[in-house]
Colleague: 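Got a structure for you, written out below as structure tokens; questions coming shortly.
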Amino acid sequence: MWNKKRTTVSSMVALTLVGGMLAGCSDNGNNGGSAGNAGNGGNTSTNNGGSSETASNKEVTIKILHNWNGSGAGDVDMTPIANAIKEKTGVTVKFDYTKGSEVEKVNTIFATQDLPDVYTGPAWGGELDGIIKAANEDQLVDISDKLDKYPNLAKEIAKENVPPALYDKAIGAFGDKKYMLYQNQPASEKDANDWLYGFYVRKDIAGKIGIDPQSVHTKDDLYNFLKKIKDANLQENGMPVFPLGGFSNGWAVGIGNTMFYGSDYIDKGDGTLEHTFMSKQYEDYTLYYRKLISEGLLDPETFTQTDPIAKEKINQGRIAVLAAHYPAILDASKDYVKAHPGTDFVPVGPLERAGAEENRPVDLGIQGNNVTVITKKNKNVDASLKLLDFLASDEGFKLVHYGVEGVHYDMVDGKPVAKKDFFDKFNADATGKAKKNEGFGIGFESMTGLDRTNTLGGDIWADQERIAAMDNARKILRPNGISVISAYAPGDVLAKSPEYESLKPSMDQIGDVWKQAVFAKSDEAALKIINDLRNQMKKTGYEDAMKYTNENLKGKEVVTLQMPN
């Protein structure tokens, strides 16, 4: 799931570049606990599918849409983990996977009624809007009168276990009715996962140009760093090395926006907020990237390339600096580094953050990532709930994340320990298919309730070199630690404004307009492109929507600083 856990600093600004992410989450440490009894409590009673009574129930097949671009199965139809789930719940799961736009997919299935039994997909941006729309159109099953039978599900959507803005917008937005389940919110502070978004440079290239990556802090430092790489005229197999690159569709080269503004909405100076797109800081951010493009410092194909092409460039050694989260970079560069020792990517910075004090912990919107719903097409609602409740139990969580006990892992001194043969097999397979063929990473993780990875035993499949690299990057990029955001995201309030329906089509264009602007022939042309959309937003209700937002945020803590996570 990692490679599509896309997040953003500016959900409206850089949706296309970085993906979307709801700002604001809660630190639900009250749900943590020791191994075996953490998070949602590990209730595996008769009702949640862990008993022989459940196993004797009629077997059913449930079609689940995993609406996460890039997800997919291995080469095995029924994996060992899927078989174990079937034994526990009587449910055979058939996954369908999204290969294109998640937003387009969610809107299409409800418009055409080509519906799965169960849907699980991103809990942010347009995907969530599509689910909320479906709920309002009575296309989803109201599970409120069934939650007393499924305690693990009830716990995962309890108000204290959901980021406040998301609860107000989606989970608790329908009065007594409940349509959505929420996945992977950290069960405790210990379970908060920092993906270490940032800029990373190949160590050998930093050495060639003679600049210590940790000496790069400001916008000018980063520009000069990239320019010096460009001026070195580096080549790999006769092809030029790009100073800066990203993954598919521009993910996530735009994260440099954190040097220009703190979050999606900024204080105008009078205590009221405006969308960052309307600000001078946004213009500066855009012109900075236009400069990178125009001077050949940023790979111009970044915004149109596919993931395989992006990874091919990395494996050809043609990208000097990558912007993304660290696990993605480690995985994508694994083969090249193995063949070319000393070429591993190391952190750049830490870079300045707009408006943040130097000693401030990094503000992260660590939160869950999926909403799961049952559609009205589903003829086996109780079986579906039984499946989901089992997956959300401690037993189900461990099965999905660690595998079958005795087969994939053993319990040693109360902790799961990976079997060496599987550990070696998984780490030797750069394709990830070996892991998928056992049932890992094929979609079940998106329905396991509160995230208890660390409280239940940690990531037993991570290799030691990877852990060491992550720890080293964390020391560099998080010298003052992290702070989990629990404030309100203005964008969620704006989405409730009466003008939102008319405004949304304009705001949805921000990402595309930004890309047009950075490729403009001149700064003036770039600013004109931005201003044209600003005027369109004003004509479609922006100012009244912001007035509504500011009035409804009075007295509330608001997200003004956020790093991608």
Colleague: Who passes salt bridge (Lys or Arg N to Asp or Glu O under 4.0 Å) against Asp299, sequence neighbours left out?
Modeller: Lys313
Colleague: Could you tell me whether Lys99 atom NZ has more than 12 heavy atoms of other residues or ligands within 6.0 Å of it?
Modeller: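 Enclosed: over 12 neighbouring heavy atoms sit under 6.0 Å from NZ of Lys99.
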Colleague: Are the side chains of Leu388 and Leu153 in touch, meaning some heavy atoms are under 4.5 Å apart?
Modeller: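 Counting from C-beta outward, Leu388 and Leu153 do come under 4.5 Å.
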Colleague: Would you please name every residue forming a salt bridge (Lys or Arg N to Asp or Glu O under 4.0 Å) with Asp114, sequence neighbours left out?
Modeller: none
Colleague: At their closest point, which heavy atom of Gly443 faces which heavy atom of Phe95, and how far apart are they?
Modeller: C-CZ, 3.7 Å
Colleague: Show the numbers, then the answer: is there a side chain to side chain contact (heavy atoms under 4.5 Å, CB included) between Phe174 and Asn136?
Modeller: CA-CA 9 Å; Phe174 302 94; Asn136 284 320; 3.3 Å; yes
Colleague: Would you check, one step at a time, whether the test side-chain hydrogen bond (donor to acceptor under 3.5 Å, both in side chains) holds for Thr272 with Asp270?
Modeller: CA-CA 6 Å; Thr272 63; Asp270 60 359; 2.6 Å; yes
Colleague: Any side-chain to backbone donor/acceptor pair from Asn184 onto Asn369? Under 3.5 Å, distance only.
Modeller: no
Colleague: If we ignore hydrogens and angles and just use 3.5 Å, is the side chain of Thr302 paired with the main-chain N or O of Gly245 as donor and acceptor?
Modeller: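 Side chain of Thr302 to backbone of Gly245: no pair is present.
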Colleague: What is the minimum heavy-atom distance between Met180 and Ile157, and which atoms define it?
Modeller: O-CG2, 3.5 Å
Colleague: What's the shortest heavy-atom distance between Tyr261 and Ser263, and which atoms?
Modeller: CD1-O, 3.4 Å
Colleague: Any chance CG of Asn359 has more than 12 other-residue heavy atoms, nucleotides or ligands included, within less than 6.0 Å?
Modeller: yes
Colleague: So do the side chains of Val118 and Leu387 get within less than 4.5 Å of each other, counting heavy atoms only?
Modeller: no
Colleague: Do Asn152 and Phe397 touch side chain to side chain, with heavy atoms closer than 4.5 Å?
Modeller: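 The answer is no, as the side chains (C-beta and beyond) never meet within the 4.5 Å cut-off.
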Colleague: Check ring-ring contact (aromatic ring centres under 6.0 Å, His included) between Phe225 and all other residues, then give those that pass, not counting sequence neighbours.
Modeller: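 If we apply the ring-ring contact (aromatic ring centres under 6.0 Å, His included) test to Phe225, skipping adjacent residues, there are no hits.
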Colleague: Okay, side chain of Arg290, backbone of Ala520: is any donor-acceptor separation there less than 3.5 Å?
Modeller: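 It does hold such a pair.
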Colleague: Is a donor on one side and an acceptor on the other found under 3.5 Å between the side chain of His275 and the backbone of Met278?
Modeller: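 It does not hold such a pair.
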Colleague: Identify, with sequence neighbours excluded, every residue that meets side chain to side chain donor-acceptor pair (under 3.5 Å) alongside Asp459.
Modeller: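 Result, side chain to side chain donor-acceptor pair (under 3.5 Å) vs Asp459: none returned.
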Colleague: I'd like to know if Lys149 and Asp389 make a salt bridge, using a cut-off of under 4.0 Å between side-chain N and carboxylate O.
Modeller: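 Salt bridge absent between Lys149 and Asp389.
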Colleague: Assess, by modelled atom type and distance only, whether the side chains of Asp191 and Thr455 contain a donor and an acceptor separated by less than 3.5 Å.
Modeller: yes
Colleague: Quick check: are there more than 12 heavy atoms from other residues, nucleotides or ligands sitting under 6.0 Å from CD of Glu104?
Modeller: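 No, not enclosed.
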Colleague: Could you check whether any side-chain heavy atom of Thr258 comes within less than 4.5 Å of a side-chain heavy atom of Tyr197, counting everything from C-beta outward?
Modeller: no
Colleague: Looking at every heavy atom in both Asn378 and Ser384, which two are closest together, and how far apart are they?
Modeller: ND2-OG, 2.9 Å
Colleague: Please tell me whether Trp514 and Phe277 form a close aromatic pair, meaning their ring centres lie under 6.0 Å apart.
Modeller: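 They do not qualify: ring centres at least 6.0 Å apart.
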Colleague: Which pair of heavy atoms, one from Thr375 and one from Pro116, lies closest together, and at what distance?
Modeller: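 So the minimum-distance heavy-atom pair works out to OG1-O, 2.6 Å.
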Colleague: Using the benzene-type ring in the case of Trp, are the ring centres of Tyr285 and Tyr282 under 6.0 Å apart?
Modeller: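 So the answer is yes for these two rings.
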Colleague: Hey, does the side chain of His217 reach the backbone of Pro350 with a donor-acceptor pair shorter than 3.5 angstrom?
Modeller: yes
Colleague: Say whether Thr372 and Gln183, considering side chains only, have a donor N or O and an acceptor N or O under 3.5 Å apart.
Modeller: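 A pair is found: one side chain offers a donor N or O, the other an acceptor, under 3.5 Å apart.
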Colleague: Evaluate the criterion side chain to side chain contact (heavy atoms under 4.5 Å, CB included) for residue pair Val321 and Leu226; output intermediate values, then yes/no.
Modeller: CA-CA 8 Å; Val321 177; Leu226 297 173; 3.9 Å; yes
Colleague: Nearest 0.5 angstrom please: Leu364 CG to Ile485 CD1, how far?
Modeller: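 So the CG of Leu364 and the CD1 of Ile485 are separated by 7.0 Å.
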Colleague: Begin from the C-alpha positions of Asn193 and Thr453 and carry the test side chain to side chain contact (heavy atoms under 4.5 Å, CB included) through to its verdict.
Modeller: CA-CA 9 Å; Asn193 188 11; Thr453 301; over 6 Å; no
Colleague: Taking the six-membered ring for Trp, are Tyr326 and Tyr200 parallel (under 30°), tilted (30 to 60°) or perpendicular (over 60°)?
Modeller: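 Plane angle under 30°, so parallel.
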Colleague: Nearest 0.5 Å, please: how far is OH in Tyr97 from CG in Leu65?
Modeller: 10.5 Å
Colleague: I need the single residue from Leu273, Leu503, Asp264 that forms a side chain to side chain contact (heavy atoms under 4.5 Å, CB included) with Leu494. Which is it?
Modeller: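 Going through Leu273, Leu503, Asp264 one by one, the side chain to side chain contact (heavy atoms under 4.5 Å, CB included) with Leu494 is satisfied by Leu503 alone.
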Colleague: Can you find a pair of side-chain heavy atoms, one from Leu166 and one from Gln185, that are under 4.5 Å apart?
Modeller: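 Not in contact.
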Colleague: When you measure from the side chain of Tyr182 to the backbone of Gly368, do you find a donor-acceptor pair of N or O atoms at a distance under 3.5 Å?
Modeller: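 Yes: the side chain of Tyr182 pairs with the backbone of Gly368.
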Colleague: Taking all heavy atoms of Ala123 and all of Val371, pick out the closest pair and write down the distance.
Modeller: CB-CG1, 3.7 Å
Colleague: Stepwise, does the salt bridge (Lys or Arg N to Asp or Glu O under 4.0 Å) test hold for Asp492 with Lys496?
Modeller: CA-CA 7 Å; Asp492 293 334; Lys496 294 180 178 178; over 6 Å; no
Colleague: Determine, step by step, whether Leu297 and Leu244 satisfy the side chain to side chain contact (heavy atoms under 4.5 Å, CB included) criterion, reporting the C-alpha distance in whole Å, the side-chain angles of both residues, the deciding distance to 0.1 Å, and the verdict.
Modeller: CA-CA 6 Å; Leu297 305 183; Leu244 174 62; 5.9 Å; no
Colleague: According to side chain to side chain donor-acceptor pair (under 3.5 Å), does anything in residues 534-551 pair up with another residue at least two apart or in another chain? List the pairs.
Modeller: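 Listed once each, the pairs are Glu283-Arg534, Ser506-Gln536, Ser506-Thr540, Asn531-Arg534.
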Colleague: Does the side chain of Lys556 come within less than 4.5 Å of Val493's, by heavy atoms?
Modeller: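 Side chain of Val493 against side chain of Lys556, heavy atoms only: no contact under 4.5 Å found.
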Colleague: Thinking salt bridges, do Lys528 and Asp532 make one under a 4.0 Å N-O criterion?
Modeller: yes
Colleague: Kindly say whether Gly246 contributes a backbone atom to a donor-acceptor pair with the side chain of Gln305 at under 3.5 angstrom?
Modeller: yes
Colleague: Are there more than 12 heavy atoms of other residues, nucleotides or ligands under 6.0 Å from atom CD of Gln113?
Modeller: yes
Colleague: Is there a donor-acceptor pair closer than 3.5 Å between any side-chain N or O of Asn69 and the backbone N or O of Ser101?
Modeller: no
Colleague: Checking side-chain hydrogen bond (donor to acceptor under 3.5 Å, both in side chains) against Ser248, which of Thr306, Asp307, Thr304 comes through?
Modeller: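 Per the side-chain hydrogen bond (donor to acceptor under 3.5 Å, both in side chains) rule, the option paired with Ser248 is Asp307, out of Thr306, Asp307, Thr304.
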Colleague: Could you check Leu140, Asp96, Ile131 and say which one makes a side chain to side chain contact (heavy atoms under 4.5 Å, CB included) with Tyr119?
Modeller: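 With Tyr119 as partner, side chain to side chain contact (heavy atoms under 4.5 Å, CB included) holds for just one option, Ile131.
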Colleague: Has the side chain of Asn480 got a donor or acceptor atom that lies under 3.5 Å from a matching backbone atom of Pro361?
Modeller: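 No, because the side chain of Asn480 does not come within donor-acceptor range (under 3.5 Å) of the backbone of Pro361.
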Colleague: Filter on salt bridge (charged side-chain N to carboxylate O under 4.0 Å, His left out), then keep only pairs touching residues 122-142, sequence neighbours left out; what's left?
Modeller: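 Checked against salt bridge (charged side-chain N to carboxylate O under 4.0 Å, His left out) - neighbours excluded - the pairs reaching residues 122-142 are Asp129-Lys169, Lys133-Glu137, Asp138-Lys376.
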Colleague: So, does Asn370 use its side chain to make a donor-acceptor pair with the main chain of Met447 at under 3.5 Å?
Modeller: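 Not at all, since once roles are kept as given, no pair shorter than 3.5 Å links the two residues.
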Colleague: Do the non-hydrogen side-chain atoms of Ile255 and Phe199 ever get within less than 4.5 Å of each other?
Modeller: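 The answer is yes; the side chains approach within 4.5 Å.
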Colleague: Should the pair Lys219-Asp284 be classified as a salt bridge under the 4.0 Å nitrogen-to-oxygen rule?
Modeller: no
Colleague: With side chains defined as the heavy atoms from C-beta onward, is the minimum distance between Ser279 and Phe260 less than 4.5 Å?
Modeller: no
